[in-house]
Number of protein chains: 2
Amino acid sequence: MTHATPEQIGQLTLVFERFTRRFKVAEAAAAAANSLNALDVQALLFINDNPDCGLGDVARNLHVALTTMSSTADRLVRREMITRRRPEENRRSVALALTSKGVKAVEGYMAGYYDACQAMLDPLDQTDRAEFVRLTQKIADYEY
Amino acid sequence: MTHATPEQIGQLTLVFERFTRRFKVAEAAAAAANSLNALDVQALLFINDNPDCGLGDVARNLHVALTTMSSTADRLVRREMITRRRPEENRRSVALALTSKGVKAVEGYMAGYYDACQAMLDPLDQTDRAEFVRLTQKIADYEY
DNA sequence: GCGGTATACTACGATATTCGGATTATTCAA
DNA sequence: TTGAATAATCCGAATATCGTAGTATACCGC
């Protein structure tokens with residue numbers, strides 16, 4: 001199949017640059033509410049998606065040094081948002097998991113996303129909403 | 001007009017959480033290429049959208065302390081990506097603008113966004129692409 | 001026009017974060 | 001069993017963020 005026209009892509013780029021900015025605000029608000037920094041939030045989200053992952057997994061995925069992630073984990077453990085477990089099957093590694101407090105933080109974070117998405121759908125009529133959701137699903141499905 | 005259904009919003013939330021993660025990677029890559037941190041990049045983008053804005057404008061928009069933005073501006077000036085001008089009409093303030101080097105950095109950053117957007121449009125057929133772009137435009141138009 | 005207040009930013013010091021290099025502990029493989 | 005590879009931690013240096021205090025300029029009521 002042929003690519004989209006440069007004009008289409010350009011238009012989308014401008015719009016999405018705005019969209020992501022809006023999402024960043026939601027992110028910053030949720031982070032501030034828990035007095036977490038941006039990296040901590042990203043780590044929480046990753047651990048939520050990948051329970052019992054190791055520090056290296058998170059560090060590679062978020063493109064930060066392993067030592068940085070170790071510090072981040074220290075912080076999150078201190079704030080009782082995650083647990084560090086030494087699994088019997090590989091005692092070098094750690095298995096990170098969210099505590100109930102961590103789950104709550106992630107929920108608050110997703111709630112901000114939810115609000116931002118609601119605001120996006122508001123200006124559309126019923127037909128366009130269904131269409132927009134359908135298209136985003138189609139894109140998302142394709143990528144995984 | 002009535003709101004979208006919770007199910008619609010929920011679906012969109014999940015998808016956009018993925019989308020923004022993809023955009024964050026593009027952002028991080030561009031930032032690393034110029035050895036800038038996340039805040040510096042955000043500031044550059046804001047100044048690009050709002051030429052001759054003041055430090056306070058940027059700080060409020062990005063939700064950081066004014067002093068932090070002052071430091072960021074120091075960095076960006078030192079790297080010759082922006083200029084700090086004292087406008088005659090209000091000599092307390094500063095007017096920030098991108099240098100050609102700053103423009104280039106923003107372009108590199110937007111190029112990452114462009115690629116991400118192209119990847120989003122790829123899985124759609126011609127009709128759906130036009131429709132998707134139309135809907136995102138509609139949402140964006142509504143908000144400003 | 002004048003004094004007081006508000007605005008816009010900068011200087012500086014305290015605290016926190018990120019990272020690289022060295023180190024420890026565990027697993028794997030020859 | 002020894003050596004190499006893996007996973008994480010400890011420590012120190014460089015940097016970033018922020019709050020408080022300070023400086024300069026603009027505005028406003030009189």
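So you know, we letter chains A, B, ... as the sequences are listed, proteins then strands, and number each from 1. A quick note: this is a predicted structure, and the numbers were derived from the prediction, not measured.
- Within 4.0 Å of A:R84, counting heavy atoms only, lie sugar-phosphate atoms of the nucleic acid but no base atom.
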Working for side-chain contact (heavy atoms from CB on, under 4.5 Å), residues A:L98 and A:M81: CA-CA 6 Å; A:L98 297 186; A:M81 290 184 161; 6.0 Å; no
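- With B:S70 contributing its side chain and B:L66 its backbone, the two residues share no donor-acceptor pair below 3.5 Å.
- Look at CZ on A:R60: it is 10 Å from P on D:dT6, rounded to the nearest Å.
- Rounded to whole Å, the distance from CE on A:M69 to P on D:dA8 is 11 Å.
- Rounded to whole Å, atom C1' of C:dC9 lies 16 Å from atom CG of B:L76.
- A sub-4.0 Å separation between OP1 or OP2 of C:dC19 and a side-chain N or O of A:T68 is present.
- Nucleic acid contact for A:S93: sugar-phosphate only, since backbone atoms but no base atoms lie under 4.0 Å from a heavy atom of the residue.
- Put simply, CG on B:N90 is 17 Å from P on C:dA6, counting in whole angstrom units.
- Looking at A:D52 and A:L96, their side chains never come closer than 4.5 Å, going by heavy atoms from C-beta outward.
- Taking 4.0 angstrom as the limit, A:R75 places a side-chain polar atom (N or O) nearer than this to OP1 or OP2 of C:dT18.
- The heavy-atom pair separating B:R129 from B:D122 by the smallest distance is NH2-O, 3.4 Å.
- Ionic pairing of B:K24 and A:E27 is present here: one or more N-O contacts between side-chain nitrogen and carboxylate oxygen are shorter than 4.0 angstrom.
- Computed from coordinates, the B:H63 NE2 to D:dC18 P distance equals 12 Å when rounded to whole Å.
- OP1 or OP2 of C:dC9 has not a single side-chain nitrogen or oxygen of B:S70 nearer than 4.0 Å.
- Residue B:L66 contributes atom CG, which lies 16 Å from atom P of C:dC12 at whole-angstrom precision.
- Proximity of a side-chain donor or acceptor of B:R79 to a complementary backbone N or O of B:S35 within less than 3.5 Å is detected.
- Ring centers of A:F16 and B:F16: under 6.0 Å apart, within the cut-off.
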Protein-nucleotides 3-5 of chain C N/O pairs closer than 3.5 Å?
none

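- A residue-by-residue look at B:S71 and B:G54 shows that B:G54 has its nearest nucleotide of DNA chain C further toward the 5' end.
- Toward the 5' end of DNA chain C, the nearer of the two residues A:E89 and B:R92, judged by each one's closest nucleotide, is B:R92.
- Non-hydrogen atoms lying under 4.0 Å from DNA chain D are contributed by nothing in residues 36-48 of chain A.
- With ring centers used as reference points, B:F23 lies 6.0 Å or more from A:F19.
- Separating the CZ atom of A:R86 from the P atom of D:dT6 is a distance of 17 Å, rounded to the nearest angstrom.
- We find that A:E131 and A:R134 are joined by a salt bridge, their nearest charged nitrogen and carboxylate oxygen being less than 4.0 Å apart.
- Regarding A:L62, its CG atom lies at a distance of 16 Å from the P atom of C:dT17, rounded to whole Å.
- Looking at B:E17, its side chain never comes within 3.5 Å of a backbone N or O of B:L14 through a donor-acceptor pair.
- Within the 4.0 angstrom heavy-atom criterion, only backbone atoms of the sugar-phosphate kind lie near A:L55; the bases stay farther away.
- Side-chain N/O atoms of A:R91 include none lying less than 4.0 angstrom from OP1 or OP2 on C:dA25.
- Within the 4.0 angstrom heavy-atom criterion, no nucleotide atom of any strand lies near B:D74.
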